Amino acid sequence: MHPVVPRPGILDIIPYKTGDSAVEGVSEVIKLASNENPLGPSPRAIEAYHGAAQGLERYPEGDSLALRQALADKHDIDPEHLVCAGGSEQFFNLVMQAYTGPGDEVLFTEHAFISYRLAAMAAGATPVTAPESDFTTNIDALLDKTSKRTRVLCLANPNNPTGTYISYHEVELLRERLPAHILLVLDAAYAEYVEEADYHPGSELVRASDNNVMMTRTFSKIYALPGLRVGWAHCPQPIAEVLNRVRCAFNVTTPAQVAAIAALGDDAHVAAGRAHNKKWRNWLTDELTGLGLTVTPSVGNFLLVHFPGGPEQAAAVDAETRKNGVILRPVAGYGLPQCLRITIGLEHENRKLVDILRNFLR
Ligand SMILES: *Cc1c(COP(=O)(O)O)cnc(C)c1O
């Protein structure tokens, strides 16, 4: 046996598969695979990023002070309760590292965002899943799956890849009925896209609860800066103090900090992204439904599409769209082999996709 071995469970982790960006033999690819904002970032963010080229010889500000202040002002949160990281994904690892270990359970729904499972396993904890109802979080099913060993419950609201959400009232009920020792992590990566009146990303609950709720957010989705890796978390003071102990000292780069601040200041750009998404999400939902496919109602910037022909048809459609230079996202890894996930693109991209599907499915 090789003498250098990782801790038990590490080799059981199936590495995350990112959305493809290229197709062999196709030069102009349309990528609808990674829930990226097709309008791109605010021009102000790009300008700030370029400006940061002056000063790369210096370490970043280690506490992301100016960015936390900008977030505090925008969201009316005490900056002491904000932590920034290199993508919101990092928080899942930090939380699992700090609050879980071998013998502990981490709970989430059956088609939840895959990072929770990876982070739990990396910490040696045991992932536990609860069934969904109609591809939507079912809080009773989650509560049924809690045990004395449950330490963390991760709830993506809205969830990826399903695109569905639960109301703020239901999130409150979940917290109320959940044992107090379980940390509820609300992952609101798509919050800026959601316009439903009964939705709330969760800051109120972080404030109202007994130091056992935190909310994560990201600049990767509507702010269109996934290449820079910036996320933030609103935490009760004791949790912020824990995360600040386990995170890396310089966990957000200078270009990322300044670009994120500039992006936060461009409300018009965010509004344009939200409006574009809503218009084309509706259009694409109607078109795909018209082709005989089932689309799970989405509040995010992507659609979960179900193929009546099952996994074989989903795989055939994936191959056909790829051949035509359009990359969609297979979600078999989420237990949904009969589905593909489609990110809302630019007008010509959405139209091209529907043309390819119409030709192939008729
Ligand atoms: C995309 C996504 C994230 C964001 O990840 P980053 O690390 O911030 O880029 C978090 N949660 C969900 C559910 C997502 O889909």
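Because the structure is a prediction, the values reported are computed rather than measured. Order of appearance sets the numbers: ligands from 1, and atoms from 1 within every ligand.
Below 3.5 Å of separation, one finds no N or O of Q90 facing any N or O of ligand 1.
Within the structure, the closest approach of R229 to ligand 1 falls below 4.0 Å when heavy atoms are considered. Distances from ligand 1 to the non-hydrogen atoms of N35 include no value under 4.0 Å.
Looking only at atom types and distance, the side chain of E105 has a donor-acceptor partner in the side chain of S147 under 3.5 Å away. For the 3.5 Å distance criterion, the side chains of S133 and N138 qualify, holding a donor opposite an acceptor. Side-chain contact of E89 with N93: a donor-acceptor pair under 3.5 Å is absent, judged by distance alone. In this model, no donor atom of one side chain and acceptor atom of the other lie less than 3.5 Å apart for R329 and N35.
Nearest to atom 4 (C) of ligand 1 among the protein's heavy atoms is S88 OG, 3.2 Å. The shortest contact between atom 3 (C) of ligand 1 and any protein heavy atom is with K221 NZ, 3.3 Å. When hydrogens are left out, the protein atom nearest atom 9 (O) of ligand 1 is S220 OG, 2.6 Å; that is the closest non-hydrogen contact. For atom 11 (N) of ligand 1, the closest non-hydrogen atom of the protein is D187 OD2, 2.6 Å.
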Please step through salt bridge (Lys or Arg N to Asp or Glu O under 4.0 Å) for the pair R358 and D355, ending with a clear verdict.
-> CA-CA 5 Å; R358 189 179 292 116; D355 287 345; 3.2 Å; yes

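The NE2 atom of H81 lies 4.5 Å from the CD atom of Q237; values are rounded to the nearest 0.5 Å. Atom CG of L142 is separated from atom CD1 of I166 by 7.5 Å, given to the nearest 0.5 angstrom.
Annotation for ligand 1: atoms under 4.0 Å from non-hydrogen atoms of A189 are 2 (C), 3 (C), 10 (C), 11 (N), 12 (C), 14 (C). Close contacts of ligand 1 with G87, meaning ligand atoms under 4.0 Å from a residue heavy atom, involve 7 (O), 8 (O). Short contacts between ligand 1 and N160, defined as distances under 4.0 Å to a heavy atom of the residue, involve ligand atoms 13 (C), 14 (C), 15 (O).
Annotation: F108 is not in aromatic contact with F113 [ring centroid separation under 6.0 Å not met].
The residue F219 has no part lying near ligand 1, judged by heavy-atom distances below 4.0 Å.
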